[in-house]
Structure formats: structure tokens, C-alpha cells
Amino acid sequence: MFKSIQKSGRIAAVAIGLIAALSPFAAPPVALASGSVPTPELEKSYSFKTSSDGSYISTGDASKFGYLYDYDYDDDEGYNLKSVSLVNFKDGSTNPIAIPDKSLGSACPTSNNQLYWQDGNNLVVFSPDNQSQTVHPISSAKYAYTDVTVSYDGNRAAVEHYDYESELKKIEIYDLKSDKLIQTYQSDKDDSYCYYSDDMSRLYFLPYDAEKGVVSLRVFNCDTGSTELKTVNVKKDDRSSDIDDIVTSSYSDDIYLQSDTALIKVDRDGNMSVVFNDDDHAPEWLYSNPSAEFYALYTKKGSNDLFDEDDGYYYLNEEDANLSIYDLKSDKIISSIAYPFGD
């Protein structure tokens, strides 16, 4: 089954109380070089009344605005999205956004603070600065299911078309300034995970049929319509070649492929280079986010192994690990702390 694993925006905080703080991973390298993590500095604190603890606030890369997703809770149906409101971080004010109930579940923010959703065959984009909505008739009812993703800068949209077996049939790339179709990608039977470049000029696909010792990436050029298959060699084991996640960088066009024991840097055109691939490093799944220019990973401490093996399964040995900060620009580890890592 095909999966598209990219949606713009990210969860920033549970919306019972929002704290705008300086993240340890966003601190300058000088502050981390000594091996200590700086104390977050409180800028502003706002509180919002919500219907349940399942509510949250999502932000883009530019944190002028955010979006409050307010969920209520029912013992039988679980969490149910009630509304989406615009949050102004300058004064803490909130304004509900007029989204049809049937479209609430598709509401998603872009990196530049726009919000978009599907309304029938239309894509609707909300701009927070003037609180206006623009309608783009770019979706289609010809397929069993469609999903729309807007680029980080809000200039393009990808419309994914699926059949009744949830298999991807094609992806259409549109220019949102003119609503004109730019390119169409016809799905390959070996496509598994899909990821878009920030400006949606490239589509990246991880094929199903990758062999051990090789990481493959299919790259579709949304400007020219050409497709290339890129490969890089890694260790011949599942922990190296089974890619679990694709993450993006906000300071460059690079993306990063993660497996249990490998981190692979990929440039805009899909050319890959192995950052590390050994049993002495492991990506820290919860905090590894190169959009902050730094990357969290576990590194081996002392002579003990970083992984323990049990009946063919490998487990991270946290007590014999360091939690380290990797600077993606200099390709160096600039800080490490030993277990316990803190709460």
C-alpha cells in the first residue's frame, strides 16, 4: 500500500497552555560546544480554553501565527475535531476559521502559516495576514479518493488520486497562482513512501523492491517530467537499508533518510551520501529534526555496544549511550550528554 508521509506544518504544543521558548536544539553552536544544553528562555505564555487534552496548536516555520485544533472527547467515538482557530502569537488572540464540518479533517497548515483544506472538488487556502480564503478548482471526483498537499511556500499543490484499494494512480502538480496543471506523475507499482521537496519541484519515492545493502530513491522532476532512479550502498543488513523516515531541512534543499543505524543525506536531485552507517550511531526518532539545523542521535559510550541483540532483534542500550547533537552544516558532533538524559 502506498503512503504519502508528508504534510506541511508540525505540532508545536498541547493547547492547554502554549509556551514560546528557545529550543535547546535551536541554540547557536557556541552554546552547545561546552557539552551543556542551554536553559530554554520564556518569551511569552498564553492559555487557551479547549474542549479536551487532545487539543493542540500547530505552527509553521515562521511563528507569527499558529492554528488551534480543538477536539472534544467521547467515550464511544474518541476524539472529534470541533473547530480550527487562528492564533496570533503577538497578542494571544484567537479567531475561528469558517471551515465546513465535512472538511475539518483535511485542514492542514503550510510552513509559511497558510491553512488549506478540501471542499468537494476544490482546494481552499486560508491566508492569516488578511484572513482571506482563495478557492482553487483543482481536485477531481473521477477517483475513489483524492488527497491534496500544498508546498511549504504555498505556491504549488499536489493532488494524489487513489483507487478503491487505496493504491495511488497518479499525482498532479498544480501552480496555485494560475491553477494550471504543471506535471502529472503516473504511479509505479514499486512506489511505497512519497515525499515532496519544500518547493514541490521534486517528488521522492522509496521503492518497495530495494535489495539489502542498497538504498534506492526514485526522483520525479516536477518541472521537466523526467524520472531518475538514484542509489547508494550501505551495509548489507535490514537495519541499514530499511528506511523508516524521510525528514526535510529548512535551511537547504536537502532531505535526510533514516534507518536504525544509518543517516543518508540527499540533495535536491536525489544524489545520496552516507553520513553514518555503523553500530556506533543511531538516530533519535523523537527529536531528530534537521529543520532546526541540528540533529539528535545516540552515540556509543565507552567499550559497550550501543545495541543489544535478543533472538535476532536489536534494542538500543540507552544506559551505554550518549545523546549527541550533530551539526548538519559542519558535519560534526558538537555536544554530547551521557545517560540519564533527563525528562
Side-chain angles (χ1 to χ4, degrees), residues 6-23 26 40 42-73 78-139 147-159 174 176-177 179 196 198-200 248 250 289 291-292:
Q6 178 183 26
K7 281 292 184 181
S8 302
R10 59 184 182 271
I11 294 174
V14 174
I16 301 302
L18 172 70
I19 296 178
L22 174 64
S23 166
L42 180 65
E43 292 182 358
K44 294 180 181 179
S45 178
Y46 299 123
S47 294
F48 305 98
K49 185 177 180 180
T50 59
S51 301
S52 74
D53 59 4
S55 302
Y56 65 87
I57 286 179
S58 178
T59 69
D61 288 339
S63 298
K64 182 179 178 180
F65 298 99
Y67 293 98
L68 171 59
Y69 288 73
D70 188 21
Y71 288 81
D72 62 12
Y73 181 79
Y79 289 102
N80 177 54
L81 180 59
K82 290 178 56 181
S83 65
V84 180
S85 298
L86 176 68
V87 179
N88 188 325
F89 290 136
K90 184 176 180 179
D91 56 17
S93 61
T94 61
N95 290 293
I97 301 172
I99 304 174
D101 290 343
K102 65 179 180 180
S103 301
L104 274 174
S106 65
C108 185
T110 67
S111 184
N112 68 345
N113 285 326
Q114 291 179 317
L115 187 77
Y116 65 92
W117 61 88
Q118 290 177 252
D119 186 1
N121 289 337
N122 295 322
L123 168 69
V124 183
V125 179
F126 172 84
S127 298
D129 289 309
N130 55 12
Q131 299 192 34
S132 63
Q133 297 183 12
T134 55
V135 178
H136 305 273
I138 63 174
S139 191
D147 188 32
V148 180
T149 300
V150 174
S151 63
Y152 275 30
D153 56 17
N155 291 328
R156 290 185 175 187
V159 182
Y174 286 89
L176 290 183
K177 292 182 179 179
D179 290 341
Y196 304 96
D198 286 354
D199 62 358
M200 211 165 273
T248 185
S250 64
N289 187 353
S291 64

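Below, all heavy atoms of this structure are taken into account, side chains as well, without hydrogens, waters or symmetry copies. This one's a predicted model, so the numbers in the text were calculated from it and none came from an experiment. Numbering of residues begins at 1 and proceeds along the displayed sequence.
- I97 pairs with exactly one of L68, L104, L86 by the side-chain contact (heavy atoms from CB on, under 4.5 Å) rule, that one being L86.
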**OP:** Could you go through the side chain to side chain contact (heavy atoms under 4.5 Å, CB included) check for V125 and L115 one step at a time?
**Re:** CA-CA 6 Å; V125 179; L115 187 77; over 6 Å; no

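- Judged by distance alone, the side chain of Y67 and the main-chain N or O of N113 form a donor-acceptor pair under 3.5 Å.
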**OP:** Given side chain to side chain contact (heavy atoms under 4.5 Å, CB included), test D153 with M200 step by step and report yes or no.
**Re:** CA-CA 9 Å; D153 56 17; M200 211 165 273; over 6 Å; no

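- Of the options Y79, Y71, Y73, a side chain to side chain donor-acceptor pair (under 3.5 Å) to D53 is made by Y79 and by none of the others.
- Here the side chain of N122 pairs no donor or acceptor atom with the backbone of V124 at under 3.5 angstrom.
- Although no hydrogens or angles enter the test, the distance criterion places a donor-acceptor pair under 3.5 Å between the side chain of Q133 and the main chain of A98.
- With S52 contributing its side chain and G54 its backbone, the two residues share a donor-acceptor pair below 3.5 Å.
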**OP:** Go through the steps for F65 and V87 under the test side chain to side chain contact (heavy atoms under 4.5 Å, CB included), then give the verdict.
**Re:** CA-CA 6 Å; F65 298 99; V87 179; over 6 Å; no

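- The closest donor-acceptor contact from the side chain of S127 to the backbone of Q131 lies at 3.5 Å or more, if one exists at all.
- Taking all atoms of both residues into account, the shortest heavy-atom contact from S106 to W117 is OG-CB, 3.5 Å.
- I57 places a side-chain heavy atom less than 4.5 Å from the side chain of F89.
- A donor-acceptor pair under 3.5 Å is absent between the side-chain atoms of N80 and the main chain of D72, judged by distance alone.
- Side-chain atoms of S151 come within 3.5 Å of backbone N or O of R156 as a donor-acceptor pair.
- Residues Y69 and C108 come closest through the heavy atom pair OH-CA, 3.7 Å.
- Using modelled atom types, no side-chain atom of S83 and backbone atom of D70 make a donor-acceptor pair closer than 3.5 Å.
- Using a 4.5 Å heavy-atom cutoff, the side chains of V150 and L123 are in contact.
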Subject >> From CA spacing to verdict: side-chain hydrogen bond (donor to acceptor under 3.5 Å, both in side chains), N155, Y174 >> reply: CA-CA 9 Å; N155 291 328; Y174 286 89; over 6 Å; no

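- Nearest heavy-atom pair across S58 and P109 is OG-CG, 3.3 Å.
- A heavy-atom distance below 4.5 Å is not found between the side chains of F126 and I99.
- Residue K49 holds its NZ atom at 12.0 Å from OG1 of T94, rounded to the nearest 0.5 Å.
- Taking every heavy atom of both residues into account, G154 and L176 meet most closely at O-CD1, 3.5 Å.
- Here NZ of K102 is found 5.0 Å from CG of D119. Values are rounded to the nearest 0.5 Å.
- Atom CG of D101 has 12 or fewer neighbouring heavy atoms from other residues, nucleotides or ligands inside a 6.0 Å radius.
- For the residue pair H136 and T134, the shortest heavy atom distance occurs at NE2-OG1, 3.2 Å.
- Across every non-hydrogen atom of V148 and A157, the tightest pair is CG1-CB, 4.3 Å.
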